[in-house]
Amino acid sequence: MESLFLQQTLNGLIIGSIYSLIAIGLTMIFGVMKISNFAHGDYSMVGAYTAVFLMAWVPGWMGWVGSIIAAAAVVGILGIVTERLIFRPLIGRWTDIDIIMVSIGLFILLENLAQLFFGATPQMISDPFKGATVHIGGVSTSVLRVFCFGFSCIAIGALQIFLNRSKLGVAIRATSQNRFAAQLMGVDINLIYTLTFWVGAALAGVAGVLYGTTFAVHPLMGAMPTLKAFVVTILGGMGNIRGAIFGGFILGIAESLGGNYLAMEYQHAIGFFIIILVLLLRPRGLFGAKEGT
Amino acid sequence: MSKRLKHRLRSVAVVAALLILPQVVQERYFLHIVVMAGIYTIMTMSWNLLAGYSGQLNLGHAAFFGIGAYSSALLAMKLGVSPWFGLLGGGVIAGFFGFLLGFPALRLSGPYLAITTIGFAEILRLVAVNWVDLTRGSLGLSGIPLLTPIRLGSWGMEFYFERDYYYVVLAAVVFTYFCMLRFTHSEFGVSLQALRDDEQGAQSIGIHTSQYKLAVFTISAFFAGMAGGLFAHFTRLVSPDTMSLHVTFDTLTMTMIGGLGTTAGPILGAVLLSLLSEWLRTLEDFFRMDIRLVLYGFLLILTIRFMREGLVGVVRALKEGFSSYGKGRNAGGDHD
Amino acid sequence: MLRVEEINVTYGKAVALMDVSLHLERGELVTLLGSNGAGKSTLLKCVSGIKPPIKGRTIFDGEEIQKLPSHKIVQRGIIHVPEGRAVFPDLTVEENLRMGAFCRKDENAVRKDMDFVFALLPRLQERINQSAGTLSGGEAQMLAIGRGLLAEPKLLMLDEPSLGLAPVLRDNIFAVIRQIYQEKDITILLVEQNARWALQVAARGYVLENGRIRLEDTGEKLAANPHVQRAYLGY
Amino acid sequence: MAKAGTPVAIMTEILKIENLTKYFGGLCAVDSVSFSLDEKVIMGLIGPNGAGKTTLVNMISGAIPPNHGRILFNGTDIAGHKAHAINNRGIARTFQVVRIFSKLTALENVMAGLVDRRQKGPWRLAFASLVGGFGKQSQNPENRAAAEGLLELVGIGGYRDELAENLPYALTKRLEIARALATRPKLLLLDEPSSGLNPAELVDQIALIREINKQGITILIIEHVMKVIMDISDRLVVIHYGKKIADGKPEAVYTDPNVVEAYLGGESHAAR
């Protein structure tokens with residue numbers, strides 16, 4: 001029984017790391033630009049398809065690692081394009097409803113464009129480790145998942161270093177805390193917007209490869225990561241990056257354990273139960289940010 | 001007075017045209033589409049009351065539709081309630097859920113409310129998938145009874161064909177439209193719009209904003225539930241998909257493109273997009289693909305970017321361009 | 001050094017500034033008086049490029065800058081310390097100060113300025129690793145000023161530095177501003193609600209009322225002006 | 001609504017504030033302020049930027065709850081009541097930054113205020129809208145006439161069908177006053193009604209406030225423009241760092257050394 005618990009916790013950690021990765025971008029974009037992007041999960045979908053195509057060319061683990069890099073590049077560009085074409089023109093006149101609606105428009109558009117170009121049939125990213133598993137003290141998992149976890153943690157760690165050590169990273173954090181003051185420090189706000197979208201989307205793209213390798217790749221797969229990422233983001237407080245990292249792991253473990261001990265059927269709803277509870281108790285999330293400046 | 005008369009005449013003409021439509025076009029497939037467009041019109045109008053007039057961004061509207069559909073179907077199938085009462089029952093039960101969903105709205109707004117409402121719908125959808133004894137899971141309920149015949153003395157009406165449902169749905173649409181018109185053009189509607197435009201300002205003039213939110217959630221859900229009931233008895237098949245995110249997204253796309261917060265917008269959006277997407281379906285062979293939803297997404301983005309008030313706003317701008325005499329607002333279906 | 005020529009600024013339909021002109025010579029300390037809502041903060045935002053004027057010009061060191069984005073203006077040495085201690089609450093004191101030096105490349109010069117700031121404001125050094133959100137009001141205001149100094153300002157615009165501070169802290173801030181002015185080769189435009197002090201320390205002053213410049217004179221003369229004496233009760 | 005005490009003199013006390021206190025985090029924005037206000041008086045509330053005036057008005061109008069203290073309105077303690085309930089009792093307010101209903105017309109803004117909310121909640125209004133006769137409810141002749149009257153009173157009758165968001169700034173301030181009056185208040189709280197107005201508009205605004213007062217409405221006004229406050233107030237209360245530092249006739253307050261000190265600054269308080 002205890003090993004089952006450990007097993008589920010481990011599974012939760014692994015999936016949670018992917019949730020964190022997706023949610024970080026969402027929460028960064030919200031923090032800096034106050035945009036709730038409902039199309040965020042579609043960046044993951046595009047990332048996953050990048051892997052599908054690349055791995056048809058270069059199979060095996062080299063293709064897989066290559067896909068992760070390629071996904072970051074391709075989806076990063078997609079993020080910049082969507083920011084420029086769709087979100088930036090709304091600056092200065094947007095309301096919550098406008099932003100949410102326009103991102104839903106983008107969600108519908110991307111989802112169905114993918115359906116057009118890639119077809120509706122789910123595809124698999126083949127396991128570069130050919131199903132190898134590892135056993136550690138009664139708990140077992142696939143090598144693939146270990147690598148997924150590793151990559152997520154590396155990406156999250158790299159981002160943390162970027163945000164804490166580099167000038168631009170600190171500028172991103174500063175902008176999300178007080179946009180006006182950041183401008184007065186000489187921060188080029190448009191550059192920060194572009195950068196934030198680029199980084200946020202690229203992370204979601206990378207996560208998409210990991211997510212797609214664990215589950216299946218299909219045009220409608222973006223909805224689930226979007227919702228999960230929102231749950232995580234709200235749990236951690238919208239705009240709070242560290243909150244999003246914790247939130248991702250919390251959600252991953254809660255789903256894994258809750259799915260096992262409570263009700264498997266409702267596994268995907270556990271996050272919603274949690275946030276509805278959390279929001280009713282603390283309307284700004286667990287690690288809730290203070291009211292905007 | 002003559003303006004009023006003209007208006008009345010126009011309304012009568014529109015109603016007459018709608019009444020004889022099934023006699024003119026008898027193709028069943030076309031009527032099927034028109035009936036579905038009518039059902040969607042009720043959805044868009046009810047969502048518009050919530051999002052457009054009171055500013056409550058509910059992204060779980062499909063839940064009310066699904067609740068109405070399941071309730072109405074189950075009342076008829078399990079308890080043998082007449083489908084006519086079932087429609088009403090579906091609305092009432094959905095209204096009750098709307099009341100419940102109103103509570104989070106008392107404290108949340110913007111993205112927080114949006115996600116909570118999506119979560120609400122998703123949870124209910126999973127209930128519908130998993131409560132197999134009641135809902136038959138993802139197979140859905142099939143064989144839902146038709147609406148029972150109406151007899152008034154020698155005159156009677158039976159409900160087998162699309163044409164028959166057309167009249168029922170038309171009546172429901174007109175009823176909903178009438179109610180929405182009344183709600184929005186009354187002290188009630190002004191209060192809702194006040195709370196939408198500035199909640200603190202609204203409270204400062206004595207508006208109990210919490211009560212209004214609960215009320216508008218309930219009312220909106222009632223109509224969405226009724227639409228669900230009509231859907232159930234018309235298609236005779238209800239699956240958990242009725243509660244999916246896509247139903248909500250279709251509804252809001254139609255409303256936004258028609259014109260959020262206007263009287264005519266939701267109708268215009270629902271009817272035009274329903275017809276348009278069917279037309280696109282006929283072109284599918286030509287394009288070799290289904291570009292319907294791609295277009296939805298594209299139009300939705302364009303609407304928010306370039307025409308905030310949707311098609312109604314465009315029509316209004318054109319009208320004002322012609323007459324260069326604008327009263328500022330109240331275009332579309334408003335009666336003066 | 002700075003010349004503002006007949007600028008107009010609007011927020012939607014509300015006119016915030018109407019044909020406002022003023023000038024600052026190199027090394028001057030000039031104060032800007034005016035009641036709440038008279039447009040003082042708007043004027044500073046206009047100069048710093050946050051809220052560009054719809055009409056008029058701002059000229060800095062002989063070049064028009066009113067069309068430049070704010071970061072370009074900062075690079076030229078116009079530093080605006082906003083009102084209300086707008087520090088970055090979740091960044092540490094050090095990170096806040098480093099943000100001040102965002103546009104600067106010369107790491108050694110930044111170090112030096114950092115030392116200057118710490119000498120001037122020792123409290124900041126004590127709290128260097130604390131996040132700015134935990135500072136008291138006075139400390140946060142010190143941080144905002146220190147952050148402004150790290151940007152290597154030629155022209156420093158201070159918006160209500162004593163706003164909402166208790167008298168002792170207020171005097172402290174005043175002393176710091178005086179010291180900065182004396183020790184650095186710097187021009188200061190000071191918006192301050194404590195009219196008496198501001199007029200004492202400033203060589204010249206402007207009085208802004210309802211979006212227009214109403215008076216312009218030396219500090220002493222303004223302090224003696226009956227209108228100023230009367231009106232700045234309601235300040 | 002209980003009447004306060006026994007009506008002794010002609011002047012009755014309509015509002016009495018006792019030790020009202022509000023903290024924001026560690027900061028004490030309003031520190032144990034007390035004063036009372038007689039019926040039909042215009043009272044000015046002044047103080048330097050950030051002194052806590054708006055916070056005080058926010059507490060009286062119910063926008064935020066106080067931490068301590070009582071607010072007696074006609075003898076009833078309304079401290080901590082919700083904003084809508086306080087309005088229903090007869091206190092209306094305007095805001096420093098206007099909070100009009102931008103997508104409603106000027107007339108509709110006022111009509112939203114005219115609805116008798118003491119009697120009718122949302123359900124009743126919704127039901128009434130369905131069963132009422134044909135035509136627009138919001139334009140029932142009585143209310144419409146009353147709303148038009150209020151728009152005339154504040155001098156924007158010509159703009160009644162204009163969307164509020166299209167009104168010039170100065171007129172939105174007036175619209176807000178009309179909307180507040182529509183709720184038939186006994187006490188009107190005006191938060192900087194003159195900010196952003198030009199001199200000509202200022203004169204009109206003073207006349208308007210006088211006119212409203214003549215109709216028997218008690219007024220508490222926050223103002224920065226001294227001309228306005230000295231002209232119209234019967235009484236002044238001065239707040240500084242959240243504390244009341246002066247209270248009395250305008251002329252007396254104006255020369256009060258504490259007040260001069262608070263505004264003109266100079267030597268610190270500690271030195272005095």
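Residue numbers start from 1 in every chain, and the chains themselves are labelled A, B, ... in the order their sequence lines are given, proteins ahead of strands. Not measured: the values here are computed from a predicted model. Basis for what follows: all heavy atoms, side chains included, without hydrogens, waters or symmetry-related copies.
- Classification of B/Asp198 and D/Arg99 as a salt-bridged pair holds, one side-chain N sitting under 4.0 Å from a carboxylate O.
- At a threshold of 4.5 Å between non-hydrogen side-chain atoms, the residues B/Phe188 and D/Val115 do not count as touching.
- Rounded to the nearest 0.5 Å, atoms CG (D/Leu130) and CZ (B/Phe178) are 7.0 Å apart.
- Taking CZ of D/Arg124 as the reference point, atom CD of B/Glu187 lies at 10.5 Å (rounded to 0.5 Å).
- In the displayed structure, D/Phe35 atom CZ is contacted under 6.0 Å by more than 12 heavy atoms of other residues, nucleotides or ligands.
- Of all heavy-atom pairs between B/Arg182 and D/Ser129, the closest is NH1-O, 2.9 Å.
- Nearest heavy-atom pair across D/Leu104 and B/Val190 is CD1-O, 3.9 Å.
- Between D/Arg117 and B/Ile207, some side-chain heavy-atom pair lies under the 4.5 Å cut-off.
- Note that CE of D/Met111 is 11.0 Å distant from OG of B/Ser186, once rounded to the nearest 0.5 Å.
- Within 6.0 Å of OH in D/Tyr159 there are 12 or fewer heavy atoms belonging to other residues, nucleotides or ligands.
- Using a 4.5 Å cut-off on side-chain heavy atoms (C-beta onward), B/Asp197 and D/Lys103 make contact.
- Between B/Gln203 and D/Ser61, every side-chain heavy-atom pair lies at or beyond the 4.5 Å cut-off.
- Other residues, nucleotides and ligands place no more than 12 heavy atoms under 6.0 Å from the OH atom of D/Tyr23.
- Neither the backbone nor the side chain of D/Ile86 comes within contact range of chain B; no heavy atoms are under 4.5 Å apart.
- Residues B/Ile219 and D/Trp123 meet the side-chain proximity criterion, which asks for heavy atoms closer than 4.5 Å.
- When each of B/Gly206, B/Gly201, B/Ala215 is checked for heavy-atom pairs under 4.5 Å with chain D, B/Gly206 comes out on top.
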Test log, rule side chain to side chain contact (heavy atoms under 4.5 Å, CB included), inputs D/Phe101 and B/Leu195: CA-CA 8 Å; D/Phe101 308 133; B/Leu195 107 85; over 6 Å; no

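- Of the atoms belonging to D/Arg179, heavy atoms from both backbone and side chain fall under 4.5 Å from chain B.
- Across all their heavy atoms, D/Gly121 and B/Tyr212 have their closest contact at C-OH, 4.3 Å.
- In this structure, OG in B/Ser204 is found 10.0 Å from CG in D/Leu189, a value given to the nearest 0.5 Å.
- Considering only heavy atoms from C-beta on, D/Glu108 stays 4.5 Å or farther from B/Gln193 through its side chain.
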